[in-house]
There are 2 protein chains.
Amino acid sequence: MPSSVTDERLVAQLKALAHPARLKILDLLAARGDCICGEVVNVLPLTQSTVSQHLKILKEAGLLIGTIDGTRSCYSLDSQAFGVSQRALTNRLAVYEACEEDDEG
Amino acid sequence: MPSSVTDERLVAQLKALAHPARLKILDLLAARGDCICGEVVNVLPLTQSTVSQHLKILKEAGLLIGTIDGTRSCYSLDSQAFGVSQRALTNRLAVYEACEEDDEG
DNA sequence: ATCGTACATCGTCGATAGACGATTAAGGAA
DNA sequence: TTCCTTAATCGTCTATCGACGATGTACGAT
C-alpha cells in the first residue's frame, strides 16, 4: 500500500524515459553494461553537449550511475532503481489494466 | 523479439503518462470505472478546457476510450491498451533491471 | 608549464507543452 | 425556435524542452 515512490518521482522518471534518445542510451547501457560518454556520442546522432545533457537527466532521475574514471565519465544503469520504478509503474499500470468495466451485463 | 510496440509509440505513451494531472485522471477512472468530463473537472484544480485537453492527450495515446452520451463525454480506461503498454514497459525496464554489471571479477 | 583529450556547463534559439479565457458545436428542455 | 448545459476547439501567453556551439574544468602526457 505504501507506494514507496511518490507521484512526483514517478512523473520525473516517466519524463526521463519519454525521449527516444534517452531510451537508446538505456538500451546501449543495457547491452554493454557500461559506457563512457564518448561511446554514447559515437552511437547517437547528437553532439557531445546534447548527449551529456541527456545523461545528466537520466542520472538526476536516478536511473543511471555515473563514475569518474580519469578524464572519462563511465555510466551504467542503476539496476536497483529500475527495480523500484519498474514495480511502481507495473503496479500502477496493472491497476489500470485490471479495471475492466465489469458492467458487461 | 517483435516488440509489438514501437519505440515511437512507447515514447508517446510515456509522455502521456508523465504528467501529474493525467496520472490523477487515470487514478480517477480506475477508481470509478468511468467518468464524464465534468466529474474530472470537479476533482482536479484545473479548468474545463485544460482537463479536456488532458483527456484528449490520453485518448490520443490510446490509453482512454471516450464515448458520447448525449451531451456528455464518458471516458474509461482502455484496459487492453494498458495491458499491451504495461508489457512493453515492463519488458523494457526488466531488461534494464536485469542488466546487473556482471564484471565483478 | 604546456598541450591535448574528455566531459560538463553556459548561453541561445526555435519548438513544444501547459495553462487559461473565449468561442463554437451539439444535445436536451421549454 | 430559443435557451441551457456540456464539452471540444481556438487563440494566446509563459515556461520548459531539446538542440547546438562556445566555453570552462580537470586529468594525462610531454
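Quick note: numbers below take in every heavy atom, side chains included, and nothing from hydrogens, waters or symmetry partners. Every chain is numbered from 1, with letters handed out A, B, ... down the list of sequences.
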Just compare [options] and give me whichever is closest to any side-chain atom of [X].
X: B:His19; options: C:dA19, D:dT6, C:dC7; value: C:dA19
X: B:Lys56; options: D:dT9, C:dA6, D:dA7; value: D:dT9
X: B:Cys37; options: D:dA19, D:dA7, D:dT6; value: D:dA7
X: A:Thr47; options: D:dA7, C:dA8, D:dG21; value: D:dG21

Straight-line distance of B:Gln53 CD to B:Gln48 CD, nearest 0.5 Å:
11.0 Å
For the CD1 atom of B:Ile65 and the CG atom of B:Asp34, what is their distance to the nearest 0.5 Å?
11.0 Å
Is any side-chain N or O of B:Gln53 under 3.5 Å from a base N or O of C:dA19, one able to act as donor and the other as acceptor?
no
Quiz item: B:Ser49 side-chain donor-acceptor pair to C:dG21 base, under 3.5 Å:
yes
By nearest nucleotide on DNA chain D, pick out whichever of B:Lys15 and B:Tyr75 is the more 5' one.
B:Tyr75
Check this one for me: any side-chain N or O of [X] less than 4.0 Å away from OP1 or OP2 of [N]?
X: A:His54; N: D:dA19; answer: yes
X: B:Ser52; N: D:dA8; answer: yes
X: A:Arg72; N: D:dA26; answer: no
X: A:Thr71; N: C:dC7; answer: no

For [X] and [N], give me the distance from atom [atom1] to atom [atom2], rounded to whole Å.
X: B:Leu17; N: C:dG18; atom1: CG; atom2: C1'; value: 17 Å
X: B:Lys59; N: D:dA7; atom1: NZ; atom2: P; value: 13 Å
X: B:Ile36; N: C:dA26; atom1: CD1; atom2: C1'; value: 15 Å
X: B:Asp69; N: C:dG27; atom1: CG; atom2: C1'; value: 11 Å
X: A:Lys24; N: D:dA19; atom1: NZ; atom2: P; value: 13 Å
X: A:Ile57; N: D:dC17; atom1: CD1; atom2: P; value: 8 Å
X: B:Ile25; N: D:dA7; atom1: CD1; atom2: P; value: 13 Å
X: B:Gln48; N: D:dC10; atom1: CD; atom2: P; value: 14 Å

Checking all strands, does [X] fall into the base, sugar-phosphate, or nothing category for heavy-atom contacts under 4.0 angstrom?
X: B:Leu46; answer: sugar-phosphate
X: A:Ser73; answer: sugar-phosphate
X: A:Ile68; answer: nothing

Side chains of A:Ile25 and A:Leu44, heavy atoms from C-beta outward: is any pair under 4.5 Å?
yes
Residues A:Arg32 and A:Asp27 bridged, charged N to O under 4.0 Å:
no
Could you check whether any side-chain N or O of A:Arg22 sits under 3.5 Å from a backbone N or O of A:Ala16, counting only pairs where one atom can act as donor and the other as acceptor?
yes
Donor-acceptor contact present, side-chain A:Arg72 to main-chain A:Ile36, <3.5 Å:
no
